Structure formats: C-alpha cells, structure tokens
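What follows is a single structure, written as structure tokens, with notes after it.
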Amino acid sequence: MTPNSSVRVRFAPSPTGHLHVGNARTALFNWLFARQKQGTMVLRIEDTDLERSEARFEGQLIDDLKWLGLDWDEGPDVGGAYGPYRQSDRLEIYREHAERLLQKSKAYLCFCTEEELQKERERAIAEQRQATYSGKCRALEPAEAKRRREGEEACAIRLKIPEHPIRFHDIVRGDVEFSNEVVSDPIILRSNGMPVYNYVVVIDDALMKITHVIRGDDHLSNTPKQVALYEALGWPVPEFAHLSTILGADRERLSKRHGATSIANFREMGVLPEALANYLALLGWAPSGGTREIFTREELIKEFSLKRVTPSPAVFDMEKLYWLNRHYIKEAPPERINKLALPYYTRAMVEDLTRRSGVQSSAGHEWIPPEPVLNWLGRVTQLLQSYVDRLDQLPERASPIFNYDARTAIANPENAEVFSWPHSDAVVTRFASKIMQDESAKSGKLTPGCFKRLVNEVKAETGAKGKELFHPIRIMIIGSHSGPEFDKLIPIIEEGSRLNLPRHVLSVRERVEQFEKARKS
RNA sequence: GGCGCUAUCGUCUAGGGGUUAGGACGGAAGAUUCUCAAUCUUCAAACCCGGGUUCGAUUCCCGGUAGCGCUACCA
C-alpha cells in the first residue's frame, strides 16, 4: 500500500464518542478516493474541544474504523512524516503561524470583550442584519495594539477577510461564491491562547499536504473563512468535496433519537461490515448507469467517483441496509457467520439461565460451548439464516427450538383456530400416539425419514392433507403453525435434545408428550 | 433575521431540451412450499410550485416554497 500519487486525504474526527454513521460515510468516501487514486489516507484526531474530547474515545474510533474495513497510512497510531496527528499535540504550531500572520498583517489583535461582541451581535439581529464583527479592532494602530498586548490586556487574534468575494470549487456542488460582506473577520486564536477550529483545520490540512478535503456539508459555510486563511498564509487551496447530510426518516438530521446511529450499534446488532460499507457507499453515490447495488470493497474502490456524489441530503433507510445485510449473511462462508453468531446464543442462554435461576453468574458470559454444541449451533444458524435481518435476531428466531412451551402454544388464538379445523383433533391424537410408540423418538433419534413415514400414516388414517395435516403437527412441535422445513428442523431438535446445554432442549417426543398433557388438562 | 446548500416514486437513486422517466429497498399480487422465510415473475408508485428561454421543458435561467446547514473567543 505504498502511496504513489500525490493525492492526500484525511479523516479528522473529534474523539467525543463512538463513530457515527455520517462520519463513517465521510471516512469511507475519503478512503475509497485515496485507495482508488493510490494516494495517502491520513487519520487526524481533532481533540481541541477539551470539554467533550476523551482519550478513550480515540481507541473506540479506531476500532470502529477498522471494523468497517478502513485503514490509513498516517495517523496517531501509525505515525507518519507529517505528525503529530493529534491537534492537542500541535498547539505550538498553531500559535507560531498565528504570530506569523500577525507579522504579515494578515491578522490583527482584537481587544473586544465577549460582552461587547455579544451586544453587537444582538443589535445586528434586532436590525435584521447579518451578525458580522464590526471590524473595530482592525482599525487599531499595530503599534498601539502591540503595546496593549504587552500591557497584559487580554486579546484574541483575528484574521483579515479580504475585500473581495471568496470563491472556491467544490467537486460535489460546483463553484461556490460568498460575498466578503457576509464573512466577518474570524478569531483564529482565542484570548486564552487556544486556537479555533476553522483555523487549526487549515493549518493542519495545509501542513499535512492534504490535496482533497472531503467532509460533511455542515462545513460548507465555513469554507470561505478557510479559503481566506489559505490565501493569507500563501498556501495552495485544496479541492473541496462537501458531502450531504444523512437524515432520519423524519427528514431531520440523523441522531441518537433515530435509534441505531453509531457504528458500534450496528456491530452489536450483527450487521456485517461489508453490508454497512456497501449501504453507506450507496447513500449519496451511485455508479454510472445507476442500476448496480451490490459492490465488494474492491469494486467500490474501482467504481467510486467523487464527481458522481449527489449533493442532496439522504434519508437513512434501515430496511435497505437490512436487505444488503441479508444478502451478505447469505454470501458469507458459514464458518464466519457461525463464529459471529455464537456470542448472541451464549448471551441468550446465559441470560435465560440467570432469569430462571435468579442467580447472577458473571462467569457464564465467558461460557465457551464444547465442540459438539458449537457444531450444532452452526446448524441452527444455517437453518435460520434466511429468516433474519441481523445476527442478533438469531436467538429470538431459534426460540421455538430452545423454549418450547405447550401451554402457550395451546393458548395462542391463531393456533386455536387451527385446532378448530375438522381433522385437527384426529391428526393430533394419531400423531401423538405414533410418536409415543416410536422407538427412535424415545431416544431422541427420530430421523426425517421416520418422521415422514409417521406423518404419511396419519395422513392415510385421517384423510387430512396439506395445511390441515401439517399445521397441527407443527404447532405440537414448535408451538407455531409456521416455521422451517421439518426435514431440517427434526434432526436439529433431536440432536439438541441429546446435547448438554444450559437448558435442556426438548426432543420431539418430549414436546408431543407435554402437548398432550397440556391439552388434556 | 442574514447567508449558503438542496429539491425525480414512501425511501436510496439513474437520466437528461423531444424517453413508455430506468434500477433498487419497501408495498401489493402471483408462482413455488405443508406453513413462514428465502427465491422467481408481475403490478402500483415520482420529475415541489410559478414565470422565462425554446418549436418543445422534468432537464437550462430567474423567483417562490420547503428542508437542512452556517451565522461563536464549539468542532
């Protein structure tokens, strides 16, 4: 992965929590672009917001990014020639360049207090004007300003916005122009010596030789200030690509309110990383022709194009993500899915155990099932694969196997309807007596072939066929009239009944027995 | 309030001065199956509004409206 082009992009998250889907999509687009151009991907941590940033979040961010399948060539964890890659380690650099700007009189000292500025702003809003800085301190004599600063008067450093409109090119949106009238001289260094975001981002991007700034469109309105900064510093302005916002179903900006929005959430839900990456790529980007939807990582790298990114905001559609996830679950090698699915089962089993015993067993969480159980769970997963959107639904879908309860099966109104059918009574009675007499069923070794034979006998004896035959039988066995095919289900139930599990899985015979008992009582 | 960005089926999108406006998710119907899921087939579903340019605008331009963003000594 040696970069051999001059393209350099960066993903610059703030370590304020888990990676959010919006940011993940930004990271993905940066990554796709870098990899396609064989350029360099830089990870930079924007931790100048001391109040919200936490060191541990950086590790989470990196985990989330890696889980999504992204990597980077330079960053706080891997180093690089343009470090440091944490803004908190770069404060000296920011101060130094601010002073340089001052010397070149591209910036000036501002002694206005926050209260003054606040009043100015309120007045402007009251007069329905743009709330821009008056530029009062811009008129100060440099010599006087210097004297006041040396006299320990608190001051911030402001950039001089040029007297001409600011234009820049955006790959997604085309040419954008802002009148200088509406961009007021921004503070770059606060009176407490801390630099401001719009300033550090430029210093970092320029010093890190970033050629393409790909980021969320919430930064679009900040861009003129940044362009002015590049110009003041005499540095080349990079290309910009502002990605549209991801919205929730209510067309409001996607937030925790909308449910799962962090990468960690999706990961816990059992969404596969390739499904998420594929989905995210489709949010705002479409291939030429616009008919393909499924892309491997390599195909995305090959096909991706910033020029084809849509400028309009996109609503996050969980259903479509699930569709992709189902696709990738089906595609994935069974061993991989089994391995990923395992924790969901063990957690459910342990929870079930603690619920019923009332004892909290922390050791249970690390329960590693023995080989035969592992294999069996793998077969359960394969049986249920086409029934789930995400892996965390597996235990729930497997519930008829694990938690058979004859009473609830009988009490269920839908089932009651089935039992009101003319043949149902006879089917139940005949089938039950056959199972109770069957030798193989006694030891939990009923085979699909044997099961089929018994069903056929019931069919011949009662005249029931199709649903009238199978629905009552299925209810007896799994408590519901619908479910997986018996051919696959029967061996799994029987095998499960012979395994040593935290909670015994009832054999077909045990189920039928319970059912008959519950029915008669 | 000011400024900016955006506007094609419910959703993600393709397309583009003349098209039966294409695909996908979801929905509906059918096929298959004992059932459900999966799968396959079919169907319904859209160019925000008003002007202008033009022989012709959904497409180009302007305005309106709506949504979102920015308007900080937040990032």
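Proteins come first, then strands; the chains are lettered A, B, ... in the order of their sequence lines, and each starts at number 1. Values in this document were obtained by computation on a predicted structure and should not be read as measured data.
- The aromatic ring centres of A/F316 and A/H258 sit 6.0 Å or more apart.
- Atom CG in A/N222 sits roughly 19 Å away from atom P in B/rC68 (whole-Å rounding).
- Counting any heavy atom pair closer than 4.0 Å across all strands shown, A/E485 reaches a base atom.
- Along RNA chain B, the nucleotide closest to A/S179 and the one closest to A/N192 are compared, and the more 5′ of them pairs with A/S179.
- Both the sub-6.0 Å distance and the 45° axial angle are satisfied by A/R474 relative to the ring of A/F486.
- A/S14 has its side chain out of reach of A/Q87: every pair of non-hydrogen atoms, C-beta onward, lies at least 4.5 Å apart.
- In this structure, A/E319 atom CD and B/rU13 atom P are separated by 17 Å, rounded to whole Å.
- Candidate nucleotides B/rC12, B/rC34, B/rG69 were compared by shortest atom distance to the side chain of A/K467, and B/rC34 ranks first.
- Relative ring orientation between A/F240 and A/Y230 is described as perpendicular, the plane-to-plane angle rising above 60° on a 0-90° scale split at 30° and 60°.
- Residues A/E177 and A/R167 form a side-chain contact, since some pair of their non-hydrogen atoms from C-beta on lies under 4.5 Å apart.
- If you check distances only, the side chain of A/Y387 does reach the base of B/rC36 with a donor-acceptor pair under 3.5 Å.
- For A/Y197, the listed nucleotide lying nearest its side chain is B/rA75; candidates were B/rG4, B/rA75, B/rU39.
- Across all strands shown, B/rG27 forms a Watson-Crick or G-U wobble pair with B/rC43, both key distances being under 3.5 Å.
- Side-chain rings of A/W285 and A/F295 approach one another, their centers coming within less than 6.0 Å.
- Nucleotides B/rG10 and B/rC47 have their C1' atoms positioned 16 Å apart, rounded to a whole Å.
- Checking B/rU13, B/rA24, B/rC68 against the side-chain heavy atoms of A/L247 singles out B/rC68 as nearest.
- Residue A/S312 has its side chain nearest to B/rA7 when only B/rC73, B/rA7, B/rA75 are considered.
- Comparing A/G289 and A/F111, the nucleotide of RNA chain B nearest to each residue sits closer to the 5' end for A/G289.
- To the nearest whole angstrom, the two P atoms, one in B/rU71 and one in B/rC55, are 47 Å apart.
- Checking the phosphate oxygens (OP1, OP2) of B/rA75, a side-chain nitrogen or oxygen of A/T48 falls inside 4.0 Å.
- Base pairing analysis places B/rA37 opposite nothing; no Watson-Crick or G-U wobble pair with both distances below 3.5 Å involves it.
- Both distances falling under 3.5 Å, in either a Watson-Crick or a G-U wobble arrangement, place B/rG69 opposite B/rC3.
- Close to B/rA38, at under 4.0 Å from its OP1 or OP2, lies no side-chain N or O of A/R397.
- In this structure, of B/rU6, B/rC5, B/rU11, it is B/rC5 that holds the atom nearest to the side chain of A/R173.
- Nearest nucleotide to the A/S14 side chain, out of B/rC34, B/rA75, B/rA37: B/rA75.
- Between A/Y322 atom OH and B/rC25 atom P there is a gap of 17 Å when expressed in whole angstrom units.
- The listed nucleotides are B/rA14, B/rA72, B/rU6; the one nearest the side chain of A/R121 is B/rA72.
- Applying the 4.0 Å criterion to OP1 and OP2 of B/rG69, one finds that A/R251 has every side-chain N and O outside that range.
- If you take atom C1' in B/rU8 and the same atom in B/rU19, they sit 14 Å apart, rounded to whole Å.
- In this structure, A/Y197 has its ring center under 6.0 Å from that of A/H219.
- Between the base of B/rG23 and the side chain of A/E293 there is a donor-acceptor pair shorter than 3.5 Å.
- Between A/K452 and B/rC34 there is no side-chain polar atom (N or O) within less than 4.0 angstrom of OP1 or OP2.
- The CD-P distance, from A/E417 to B/rC36, rounds to 14 Å in whole Å.
- As the counterpart of B/rG18, B/rC55 is assigned, both hydrogen-bonding distances of the Watson-Crick or G-U wobble pattern falling under 3.5 Å.
- For B/rG15, one of the phosphate oxygens OP1 or OP2 lies less than 4.0 angstrom from a side-chain nitrogen or oxygen of A/R308.
- Each of B/rC73, B/rC34, B/rG26 was ranked by its minimum atom distance to the side chain of A/H471; first place goes to B/rC34.
- As a whole-Å value, the separation of A/N180 CG from B/rC3 P is 14 Å.
- Within 4.0 Å (heavy atoms only), A/C110 reaches no atom of the nucleic acid at all.
- No donor-acceptor contact under 3.5 Å links the side chain of A/S221 to the base of B/rC3.
- For A/A314, the side-chain atoms get nearest to B/rC12 when compared with the rest of B/rA75, B/rC12, B/rU35.
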